[in-house]
Amino acid sequence: MASPDAVGWPDEAVGFSFGSARDESRLVAVGLGWPRFPAQASHAAVQDEPPAQADQALSAVSRETDARNVSVPAEAQGSGTVRTRGKPATAAVSAAPAPGGGAPPLTGAADGHGGGVATADVPGSPPPPVTVPPQGRAVTPGSAPAASMSPARMTAMSPAQAALAALGETEREWPHPPSCRVLTIANQKGGVGKTTTAVNLAACLALHGTQVLVVDLDPQGNASTALDIDHRAGKPSVYNVLVDDQPLAGIVQHVSAIPGLYCAPATIDLAGAEIELVPMVAREARLNRALASYDASGLDYILIDCPPSLGLLTVNALVAATEVLIPIQCEYYALEGLEQLLRTVDLVKGHLNPDLRISTILLTMYDGRTRLAAQVADEVREHFGEVVLNAIIPRSVRVSEAPSYGQSVITYDPGSSGAQAYLDAAREMAFRAVLRD
């Protein structure tokens, strides 16, 4: 019952215990805290001394904390759960070496700049080791098949080695062409997959023992971005080669993630190159001269990524190459502009580069759910015949995600449908050249 003025604590005991209360005698002395009732001496005694059950619980927690050796910075790291992109399972970062693996404990995880080993919680199978990339990036999807390797070895593996291990590749090395093949990847329609094709074909070829150079001729510099090459404005780039006659060897950079892969980056300065090239003599052969003076004896492939236009930059690429690779999106609009591209190739072949030929056509962005995609694929095969690769690149979210991590899809998610399709296309290109020659 409440006090007569209906304010305050009841005058009688109400049947509940303050057994877990703290000692608040100092608060009571200044008029704060829980009130003490003279008739309930047991309550005061309980407040002055914690119960035996609380002492036991606190002691158990203290022993467990000491055994785990959890420090304040370690507690601030959170649960240590890493989400594998695109996988329903999560990967828990292990704080101790795996049994028999000898892997060191994860270090530097608090600031996101450390490396370590994570295990994916896949139902019905032993937890496979997954490499946690440095710089706080997400765990590379598709690396679960490499579970047979020890965590210590996985930690030291490069993305290229992890991709090959995940794929279980038996063909470690594809055949080398008799001489360096120079392919221009061109289509004046935008969004058909020119840059994506250049980057992923180059990565697949380089992973199988060939030396590949990607020349980024698109002012947007998307190929440079996908290969994790710095291409800020003012950096030495293809612009300086075309306009300032700088040697190509001075701008070529090695792609750190994939051995044998190199890139000549493009910057936004290249957007004004077409205007600056107009008054120059032999403006359509500037890239051809740069490649001729470059020592390509150690290269097997040079892939030139073109902008979505038929201007001077694309003409330079057609004059410098001996082969044309045309990616065609499996939609109706992609076929409309194809006639103009073929006419441009014929003009360049007739006046500037008699060795130029269309050697490869790759169908991209295939959506098997629509009849239109199948009809476009059939029409392209009927018209162009054997130059159309049997491999078809499907629509894939992984292919779109990979450039945001500075990777090709083959290193980002080797098990995805897009990675498998580009791997098949690159293999077909490599073996076709040997059989033809």
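Since the structure is predicted, the reported quantities are computational estimates derived from the model, not experimental observations.
- At least one donor-acceptor pair closer than 3.5 Å links the side chain of Arg286 to the backbone N or O of Leu242.
- The main-chain N or O of Cys306 is never found under 3.5 Å from a side-chain atom of Thr314 such that the two would form a donor-acceptor pair.
- At a threshold of 4.5 Å between non-hydrogen side-chain atoms, the residues Met429 and Leu389 count as touching.
- Looking only at atom types and distance, the side chain of Thr195 has a donor-acceptor partner in the side chain of Asp305 under 3.5 Å away.
- Using a 4.5 Å cut-off on side-chain heavy atoms (C-beta onward), Ile361 and Ile328 make contact.
- At a threshold of 4.5 Å between non-hydrogen side-chain atoms, the residues Gln253 and Pro265 count as touching.
- Side-chain contact check for Tyr412 and Glu401: at least one donor-acceptor pair (N or O, by modelled atom type) lies under 3.5 Å.
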Just do the side-chain contact (heavy atoms from CB on, under 4.5 Å) check on Ser359 and Val387 with the steps written out, would you?
CA-CA 6 Å; Ser359 65; Val387 299; over 6 Å; no
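- Annotation: side chain of Val409 is not in contact with side chain of Ser396 (no heavy-atom distance under 4.5 Å).
- A salt bridge links Asp230 with Arg232: at least one charged nitrogen is closer than 4.0 Å to a carboxylate oxygen.
- Within a 6.0 Å radius of NE2 in His254, more than 12 heavy atoms belonging to other residues, nucleotides or ligands are found.
- A side chain to side chain contact (heavy atoms under 4.5 Å, CB included) with Cys204 holds for exactly one of Ile410, Ile258, Asp424; it is Ile410.
- Leu363 pairs with exactly one of Pro394, Cys330, Pro327 by the side chain to side chain contact (heavy atoms under 4.5 Å, CB included) rule, that one being Cys330.
- Looking at heavy atoms from C-beta onward, Gln375 lies out of side-chain contact with Tyr332 at the 4.5 angstrom threshold.
- Residue Leu325 forms a side chain to side chain contact (heavy atoms under 4.5 Å, CB included) with just one option from Asn187, Leu303, Leu201, and that option is Leu201.
- Applying the side chain to side chain contact (heavy atoms under 4.5 Å, CB included) test between Ile326 and each of Ile185, Thr360, Leu342 identifies Leu342 as the sole match.
- Between Asp300 and His176 the shortest heavy-atom distance is OD2-ND1, 3.1 Å.
- Checking side-chain atoms of Asn200 against main-chain N and O of Tyr422 turns up no donor-acceptor pair under 3.5 Å.
- With salt bridges taken as basic N to acidic carboxylate O contacts below 4.0 Å, none links Glu339 and Lys189.
- Between the side chains of Asp218 and Gln220, a donor-acceptor pair is found at a separation under 3.5 Å.
- Taking both residues in full, the closest heavy atoms of Ala391 and Leu362 are given as O-CD1, 3.6 Å, listed atom of the first, atom of the second, then distance.
- For the side chain to side chain contact (heavy atoms under 4.5 Å, CB included) criterion with Gln329, the lone passing option out of Ile393, Leu335, Val376, Thr364 is Thr364.
- Residues Val182 and Tyr301 fail the side-chain proximity criterion, which asks for heavy atoms closer than 4.5 Å.
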Let me see the working for Leu310 and Val315 under side-chain contact (heavy atoms from CB on, under 4.5 Å), right down to the final yes or no.
CA-CA 7 Å; Leu310 294 178; Val315 172; over 6 Å; no
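- Checked by atom type and distance alone, the side chain of His231 pairs as donor or acceptor with a backbone atom of Ala266 at under 3.5 Å.
- Residues Val348 and Val319 meet the side-chain proximity criterion, which asks for heavy atoms closer than 4.5 Å.
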